[in-house]
Student: 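Have a look at this one.
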Amino acid sequence: MQATAQIGVTGLAVMGRNLARNFARNGYTVAVHNRTPARTKALIEDFGHEGTFVAAETAEEFVAALERPRLLMIMVQAGAATDAVIEEFAPLLEPGDMIIDGGNAHFADTRRRERALRERGIHFVGVGVSGGEEGALNGPSIMPGGSPESYAALGPMLEKISAKVDGEPCATHVGTDGAGHFVKMVHNGIEYADMQLIGEAYDLLRQVAGFSPATIAEIFRQWNKGRLDSYLIEITAEVLSHVDAATGRPFVDVVADAAGQKGTGRWTVQTALELGSPVTAIAQATFARAASGQSALRAAYRGLPGGTNWDLTPYEAERFTAQVEQALYASKLIAYDQGWKMILDAAKEFGWKIDLGAVAKIWRGGCIVRAAFLDRIRAAYAADPRLVSLLSDAGFASEIAEAQVPWREVIATAARRGVPVPAFSAALSYYDSLRADRLPAALTQGQRDYFGAHTYRRVDREGSYHTLWGTPG
Ligand code: ATR
């Protein structure tokens, strides 16, 4: 077979197929391969007219179709399948060739694979791809890791197929080895938090203000014209205004209230625990999904006493709605700040140089968390690339200063009413913890020293101290 393809994609399930089509539509010759050849044939039959594809039946044919250095993208299930496919293709490649994993791999696997393949002279590039099927086809947000050398060859292609915002591609070299998959993982964690916060806002507007889903959809549409402008707010309005055809009831009332997850939120939280990064809003969002599925436990709690209910006047409901917008915005800012800090912690731990402003920039389009807000984050880093926190930016700091009183009122109201707001509360507690002059951590240190002689440091002197507890003086 003549080598004419600039890139090859193996694994032609929905994401792989759509990425292959996206490359072809952008003028690249794309070799396509799948373990089961029927999928390859189907792609050629259904979409062959969209560009130049080279269908390969065997691994050898596939590799032979690629121009050198070869760019071979694998789009199979994360985990053992990815390892199996790497092992199938790596022996057929030559030094300088590249294996690109565009699946949802755990970044630690990507680091391991990158190291192993580097020893064999093969570049391994873990690429986070966000935007689902639609994004893969029409322009995703793309977060590649791997060596800078690999990005020189692959980057222009990824930038070409990515989403564009203000004419700029939503793809950039995030950092070396597993940095791309890491950032994609945190993206998903932030997405969990964003969705949970929106859910809590909805629940408050429904239960406290007494609005119908249709009215709340209208409120979200209004919010979407302001600083909360985002894909998730937009689709929330769509979901809330949707009516179930079979029953005529609001769609949201006929859906079982047990949230699923594929596990990237859990990975974020597990990794955060290892790094010591307090991503409390992301963690609460992940736990909230888990709790929603605990049906026996929920049945055991159901009927236990809750808060006090009272009706709001129309004026109060309107005022409360404005407060919820403030609370949602402030909590979202904290959730993002936590995710950003986690990326910084990981960069330190794994030796990555990550440009956080560039991450904000490539999340402005293509991905699920795309939002006007991300342009603000990009601008904040452009003004000061060394920001420790988003709240070190004067603009964000003044917004949170304005939001904090209504934010507290919303959470207090939720507590009085008995409406659960785990992510709102976690975000506010985080804010209060970090701005506190003194934390009860001093007491924790005293307890640790008491029962375990763990020692403590003092505020007034250098060194490490132990008190002889139980002895006078
Ligand atoms: P979906 O659920 O949308 O079908 P998926 O399960 O995440 O997608 O990915 C399935 C892809 O991984 C398929 O292309 C599959 O190949 P088949 O069509 O032959 O099933 C591929 N895949 C999974 N395990 C594989 C393995 N061990 N070797 C090669 N390809 C594999």
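First listed ligand is number 1; within each ligand, the first listed atom is number 1. None of the values given here were measured: they were computed from a predicted structure.
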Student: State, yes or no, whether a side-chain contact exists between Y202 and R206 at a heavy-atom distance under 4.5 Å.
Tutor: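 Yes. Closest side-chain heavy atoms under 4.5 Å.
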
Student: Is there a nitrogen or oxygen of R39 sitting under 3.5 Å from a nitrogen or oxygen of ligand 1?
Tutor: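 Between R39 and ligand 1 (N or O atoms, distance only) the closest approach is under 3.5 Å.
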
Student: Would you mind listing which atoms of ligand 1 come within a distance below 4.0 Å of any non-hydrogen atom of L12?
Tutor: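 Those of ligand 1 that fall under 4.0 Å from L12 are 14 (O).
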
Student: Establish whether atom 12 (O) of ligand 1 and some protein heavy atom are separated by less than 4.0 angstrom.
Tutor: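 So atom 12 (O) of ligand 1 has protein heavy-atom neighbours under 4.0 Å.
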
Student: Counting non-hydrogen protein atoms only, what is the nearest one to atom 14 (O) of ligand 1? Give residue, atom name and distance.
Tutor: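 Checked against all protein heavy atoms, atom 14 (O) of ligand 1 sits closest to N34 OD1, 2.6 Å.
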
Student: Please write down residue, atom name and distance for the protein heavy atom closest to atom 10 (C) of ligand 1.
Tutor: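 Ranking protein heavy atoms by distance from atom 10 (C) of ligand 1, first comes A13 CB, 3.9 Å.
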
Student: Counting each atom of ligand 1 from 1 as listed, which ones have a heavy atom of V76 under 4.0 Å away?
Tutor: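 Those qualifying, in numeric order: 12 (O), 21 (C), 22 (N), 30 (N), 31 (C).
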
Student: Do the side-chain N and O atoms of S277 and D345 include a donor-acceptor pair separated by under 3.5 angstrom?
Tutor: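 Yes, D345 and S277 have a side-chain donor paired with an acceptor closer than 3.5 Å.
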
Student: Does any non-hydrogen side-chain atom of T280 lie less than 4.5 Å from one of Q338?
Tutor: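 Yes - at least one pair of side-chain heavy atoms lies under 4.5 Å apart.
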
Student: Return the closest protein heavy atom for atom 19 (O) of ligand 1 as residue, atom name and distance.
Tutor: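 For this ligand atom, the closest protein heavy atom is T36 OG1, 2.4 Å.
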
Student: Quick one, L275 and M342 - any side-chain contact, counting heavy atoms below 4.5 Å?
Tutor: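 Heavy-atom side-chain distance check passes, below 4.5 Å.
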
Student: Ignoring hydrogens and angles, state whether a donor on the side chain of K262 or N104 is under 3.5 Å from an acceptor on the partner side chain.
Tutor: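 Absent: no donor and acceptor within the cut-off.
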
Student: Starting from atom 6 (O) of ligand 1, find the nearest protein heavy-atom neighbour and note its residue, name and distance.
Tutor: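 Result: Q77 NE2, 2.8 Å.
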
Student: Only heavy atoms of G11, strictly under 4.0 Å: list the atoms of ligand 1 that pass.
Tutor: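 Matching atoms, with element in brackets: 14 (O).
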
Student: Considering only protein heavy atoms, which is closest to atom 27 (N) of ligand 1, and at what distance to one decimal place?
Tutor: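 Among all protein heavy atoms, the one nearest atom 27 (N) of ligand 1 is R35 NH1, 3.4 Å.
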
Student: Just need the protein heavy atom nearest to atom 24 (N) of ligand 1, so name the residue and atom and give the distance.
Tutor: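 Among all protein heavy atoms, the one nearest atom 24 (N) of ligand 1 is A81 CB, 3.4 Å.
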
Student: For the residue pair E399 and Y329, confirm or rule out a side-chain donor-acceptor distance under 3.5 Å.
Tutor: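 There is such a pair (donor and acceptor under 3.5 Å, judged by atom type) between the side chains of E399 and Y329.
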
Student: Please give me the minimum heavy-atom distance between A153 and M98, naming the atom from each residue.
Tutor: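 Scanning both residues completely, I find the closest heavy atoms to be CB-CE, 4.1 Å.
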
Student: In the protein, which heavy atom is nearest to atom 28 (N) of ligand 1, and how far is it?
Tutor: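 It is V85 CG2, 3.6 Å.
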
Student: Please determine, by modelled atom types, if D355 and Y381 share a side-chain donor-acceptor pair under 3.5 angstrom.
Tutor: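 No.
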
